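Note that ligands are numbered from 1 as they come in the structure, with each ligand's atoms numbered from 1 the same way. Keep in mind the model is a prediction, meaning the values are calculated, not measured.
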Amino acid sequence: MLKFQDLHIGFSKAKRKEERILFTCENLTFNPGEFVAVIGPNGSGKTTLFNTILGEQNPLAGEISIEDKNWKNLTRTEKAKHLSFVPSKFSGVDHLSVYDLVSMGRAPYTNMLNKLTEEDESIVQKVINQLGLSDFINENTISLSDGERQIAMIGKALAQEAGIMILDEPTAFLDYNNRRKVLQLLKEIAEKNNQIIFISSHDLDLCFEYCSRVVAIDTSSNQLLNFYSPFKKEEIINKVF
Ligand SMILES: Nc1ncnc2c1ncn2[C@@H]1O[C@H](COP(=O)(O)OP(=O)(O)OP(=O)(O)O)[C@@H](O)[C@H]1O
């Protein structure tokens, strides 16, 4: 369970000449199994919210807690066991196979030599099977299509077995069919694995179709608004854009 308590999201004086609050949010709780879209206009603060959840920057005020522990008090490794992140674009690394990439998700659990145990290997194999990546395991990550590579990156995050997965614009570089495929996959993962999945996206129609919850950054009131499926699409779009 992830909780936002009286959060103020933005940049402190240390990062800018003056403090800048992008938005505030009332107390919100996110439960396992929820597939949440973060929407809002360009520059409204979606990436900043993700960076704050990821611990890359502090909230200006308020608290984020996970399983009732204050996020600030967790070590980097503890955070990695709770939270995985998939960037918008990964171009692949030469000689890094799909199997190796998915295996990297086990890093928070391995020793200094990064040697996988039998249990780690069986988790990697399970993820590969769940995502239908078996035919690609030995493929070089730079020779995959954008869609295949995005799914392989989701595999790395899944192998991390974190309760919360954050994906920054996962559909941004995908064609229509792959957008649907990836969102359907994420919806199934959230439900079957009981994970909380956050995506940011400008594909509003697809968010409304696949996600169970939408949080929208309203730049007129500077507040994070919360909506559950079934969504009143027009109302949300008119309010936020
Ligand atoms: N390091 C920084 N220091 C100060 N301000 C920043 C910093 N990074 C981003 N900003 C500002 O914070 C605001 C929110 O940016 P952010 O990237 O979070 O928006 P976004 O909703 O993800 O945008 P987009 O949809 O265009 O990706 C923008 O006005 C941006 O200029």
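At least one heavy atom of Pro41 sits less than 4.0 Å from an atom of ligand 1. Put simply, part of Ser44 is less than 4.0 Å from ligand 1, judged by heavy atoms.
Under the ring pair (Phe, Tyr, Trp, His ring centres under 6.0 Å) criterion, Tyr210 pairs with no residue, sequence neighbours left out.
Geometrically, ligand 1 and Gly40 share no nitrogen or oxygen pair separated by less than 3.5 Å. Considering backbone and side-chain atoms together, Leu22 places no N or O closer than 3.5 Å to any N or O of ligand 1.
Using a 4.5 Å heavy-atom threshold, the side chains of Leu144 and Phe90 count as separate. Using a 4.5 Å cut-off on side-chain heavy atoms (C-beta onward), Asp6 and Glu63 make no contact.
The cationic group of Arg106 lies under 6.0 Å from the six-membered ring centre of Tyr109 and within 45° of the ring axis, placing it in a cation-pi geometry.
Remark: side-chain polar atoms of Asp120 are paired, donor with acceptor, to backbone N or O of Thr117 under 3.5 angstrom. No side-chain donor-acceptor contact under 3.5 Å links Glu235 to the backbone of Lys232.
Taking a cut-off of under 4.0 Å to the non-hydrogen atoms of Lys46, the atoms of ligand 1 that pass are 18 (O), 19 (O), 20 (P), 21 (O), 22 (O), 23 (O), 24 (P), 25 (O). Listed by number with element, the atoms of ligand 1 under 4.0 angstrom from any heavy atom of Arg20 are 11 (C), 12 (O), 13 (C), 28 (C), 29 (O). Ligand-side atoms of ligand 1 in range of Thr48: 14 (C), 15 (O), 16 (P), 18 (O), range being under 4.0 angstrom from any heavy atom. Residue contact check: His202 has heavy atoms under 4.0 Å from atoms 25 (O) of ligand 1.
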Next item on the list: Please assess Phe4 against Phe30 for the test ring-ring contact (aromatic ring centres under 6.0 Å, His included), listing each intermediate value before the final yes or no.
Entry: CA-CA 9 Å; Phe4 296 168; Phe30 300 92; 5.0 Å; yes

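Taking only non-hydrogen atoms, the option from Phe50, Phe11, Phe23 nearest to atom 6 (C) of ligand 1 is Phe11.
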